[in-house]
Amino acid sequence: TRKADVRIVEVGPRDGLQNIKAAIPTSVKVELISRLRKTGLGTIELTSMVSPKAVPQLADARQLLSTREIQEFLQNEQIGHPVLVPNMKGLERALELGVQEVAVFVSASEGFSRANINCSVDEGLARSRQVAQKALEAGLTMRGYVSCIFACPFDGQISPETVSRVVNDLLDMGCYEVSLGDTLGVGTAVGVKSLLRHLQDSGVPIDRLAGHFHDTYGQAVSNVWAAYECGVRVFDSSVAGLGGCPYCPGAKGNAATEDVVFLFDRAGIETGVDLDQLAVVGAWISAQLAMPNGSRAGAALAAK
Ligand code: HMG
Ligand code: MG
């Protein structure tokens with residue numbers, strides 16, 4: 001693997017697929033992960049251990065993690081493989097399957113918290129803290145997400161003070177990094193800079209933050225760059241720009257990994273990811289899902 005200046009967290013197999021209605025065979029998911037591993041990505045989120053009623057598409061999480069291929073990937077610690085868990089039940093299942101890293105997720109807004117995990121923000125934080133204690137005890141590493149950093153589909157605008165409280169709590173419970181989720185995809189470069197300035201002023205270390213930008217208004221790549229300029233060095237993205245949350249009506253996919261890698265490549269900033277190889281994976285998964293390729297850079301490279 002090449003030494004990277006920024007780390008890309010590929011969330012395609014989880015965020016990318018979770019909102020797709022058509023059935024996707026587990027074997028296709030395994031092949032996606034396996035192809036992504038060969039591109040040089042440092043972290044690949046595998047799936048989530050959530051209620052199958054809440055996210056039917058990922059109801060095969062146990063099956064997926066039990067496959068010989070994924071069990072092998074979990075043994076090889078060169079690449080991080082977080083699994084999203086909302087509660088103790090999710091953590092226990094993840095532990096049984098040899099998962100080494102989990103990601104907990106809470107919202108900065110009450111409306112989305114209720115819709116997404118059926119509890120208040122404070123209850124979500126308390127559940128995550130419970131998961132954190134057990135996960136850290138078991139020797140796992142843990143990432144955190146805060147959703148709705150700018151706005152909530154139900155509550156409207158969210159204040160930076162609310163975001164900072166949740167971020168600080170996630171760091172305090174032992175998350176090595178907190179990913180700032182613009183779930184609705186309404187942020188712009190100016191908003192990203194202003195929020196990051198606020199977080200920094202409230203004592204949050206910039207090097208413990210990641211950017212997770214959905215592309216509803218076409219601003220995800222611009223938001224990545226704005227965050228980079230503020231010192232953020234970790235970005236979540238999905239191959240082929242897949243993504244979206246079933247409980248966030250109106251939101252589009254994540255920043256496309258190909259677009260993000262293209263941006264950094266052209267700036268001479270090393271991501272460790274082979275763009276050509278990644279573009280092949282993006283074209284492949286788009287064809288598998290019979291969906292147009294949601295990455296502009298990926299589609300342009302594929303057309304060459
Ligand atoms: P609930 O109904 O309050 O929970 O849901 P419950 O404890 O009453 O359980 C309900 C049923 O789910 C029971 O089954 C449980 O066993 C089962 P039943 O008895 O009815 O057959 N259950 C589980 N099954 C498997 N794994 C589990 C689990 N827990 C309970 N861990 C709950 C609460 C949190 C479980 C539910 O609301 C849920 O699963 N929500 C997850 C929603 C989700 O995954 N959303 C997408 C991910 S977040 C996101 O995309 C944002 C992010 O990308 C960042 C950003 O963009 O901002 C991360
Ligand atoms: Mg997301």
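Note: hydrogens, waters and symmetry copies are ignored here, and every other heavy atom, side chains too, is used. Order of appearance sets the numbers: ligands from 1, and atoms from 1 within every ligand.
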Inset, instruction - Might you check, step by step, whether the distance between atom 19 (O) of ligand 1 and some protein heavy atom is under 4.0 Å? - result: no
Inset, instruction - Taking the Mg ion (ligand 2) as the vertex, measure the angle between atom NE2 in His212 and atom NE2 in His214; round to 10°. - result: 90°
Inset, instruction - Give a yes or no on this: more than 12 heavy atoms of other residues, nucleotides or ligands lie within 6.0 Å of atom CZ of Arg129. - result: yes
Inset, instruction - Closest by any non-hydrogen atom to atom 35 (C) of ligand 1: pick that one out of Val85, Asn87, Asp15. - result: Asn87
Inset, instruction - Considering heavy atoms of the protein only, find what lies nearest to atom 3 (O) of ligand 1 and give residue, atom and distance to 0.1 Å. - result: Asn118 ND2, 2.7 Å
Legend entry - Residue selection (non-hydrogen contact nearest atom 33 (C) of ligand 1) among Val131, Ile117, Val11, Asp182: Ile117
Inset, instruction - Tell me which part of Thr183 gets within contact of ligand 1: side chain, backbone, both or neither, using heavy atoms under 4.0 Å. - result: both
Legend entry - atom 27 (C) of ligand 1: nearest protein contact (heavy atom, Å): Met49 O, 3.6 Å
Inset, instruction - Could you tell me how the ring of Phe264 sits relative to the ring of Trp225: parallel (under 30°), tilted (30 to 60°) or perpendicular (over 60°)? - result: tilted
Legend entry - Option whose closest heavy atom lies nearest to atom 14 (O) of ligand 1, chosen from Glu92, Lys53, Gln18: Lys53
Inset, instruction - Please check if a non-hydrogen protein atom sits closer than 4.0 Å to atom 7 (O) of ligand 1. - result: no
Legend entry - atom 53 (O) of ligand 1: any protein heavy atom closer than 4.0 Å: yes
Inset, instruction - Kindly give the atom name of the N, O or S atom of Asp15 closest to the Mg ion (ligand 2). - result: OD2
Inset, instruction - Show which atoms of ligand 1 fall inside a sub-4.0 Å distance from at least one heavy-atom site of Leu84. - result: 47 (C)
Legend entry - Residue part near ligand 1, for Arg14, under 4.0 Å between non-hydrogen atoms: side chain
Inset, instruction - May I ask you to check whether Cys245 brings an N, O or S atom to under 2.8 Å from the Mg ion (ligand 2)? - result: no
Inset, instruction - Kindly indicate whether a cation-pi arrangement holds for Arg14 with Tyr145, taking the cut-offs as under 6.0 Å to the six-membered ring centre and within 45° of the axis. - result: yes
Inset, instruction - Specify the protein heavy atom at minimum distance from atom 15 (C) of ligand 1: its residue, its atom name, and the distance to 0.1 Å. - result: Lys89 NZ, 3.7 Å
Legend entry - Region of Asn116 engaging ligand 1 - heavy atom pairs below 4.0 Å: both
Inset, instruction - Please determine if Ala54 has a nitrogen or oxygen closer than 3.5 Å to a nitrogen or oxygen of ligand 1. - result: no
Legend entry - Contact partition for Pro86 relative to ligand 1, non-hydrogen atoms under 4.0 Å: side chain
Inset, instruction - Could you tell me the residue and atom name of the protein heavy atom closest to atom 25 (C) of ligand 1, and the distance to it rounded to 0.1 Å? - result: Val50 O, 3.1 Å
Inset, instruction - Might you work through the side-chain hydrogen bond (donor to acceptor under 3.5 Å, both in side chains) test for Lys29 and Gln57, ending with a clear yes or no? - result: CA-CA 11 Å; Lys29 298 175 183 176; Gln57 182 59 258; 3.2 Å; yes
Inset, instruction - Indicate whether the side chain of Ser120 and that of Arg114 have a donor and an acceptor atom separated by less than 3.5 Å. - result: no
Legend entry - Ring-face cation of Arg233 near Tyr228 (centre distance under 6.0 Å, axis angle within 45°): yes
Inset, instruction - Just let me know how Ser147 lines up against ligand 1, side chain, backbone, both or neither, with a heavy-atom cut-off below 4.0 Å. - result: both
Legend entry - Non-hydrogen protein atom less than 4.0 angstrom from atom 42 (C) of ligand 1: yes
Inset, instruction - Go through ligand 1 atom by atom and flag the ones less than 4.0 Å from a non-hydrogen atom of Val55. - result: 43 (C), 44 (O)
Legend entry - Any protein heavy atom < 4.0 Å from atom 37 (O) of ligand 1: yes
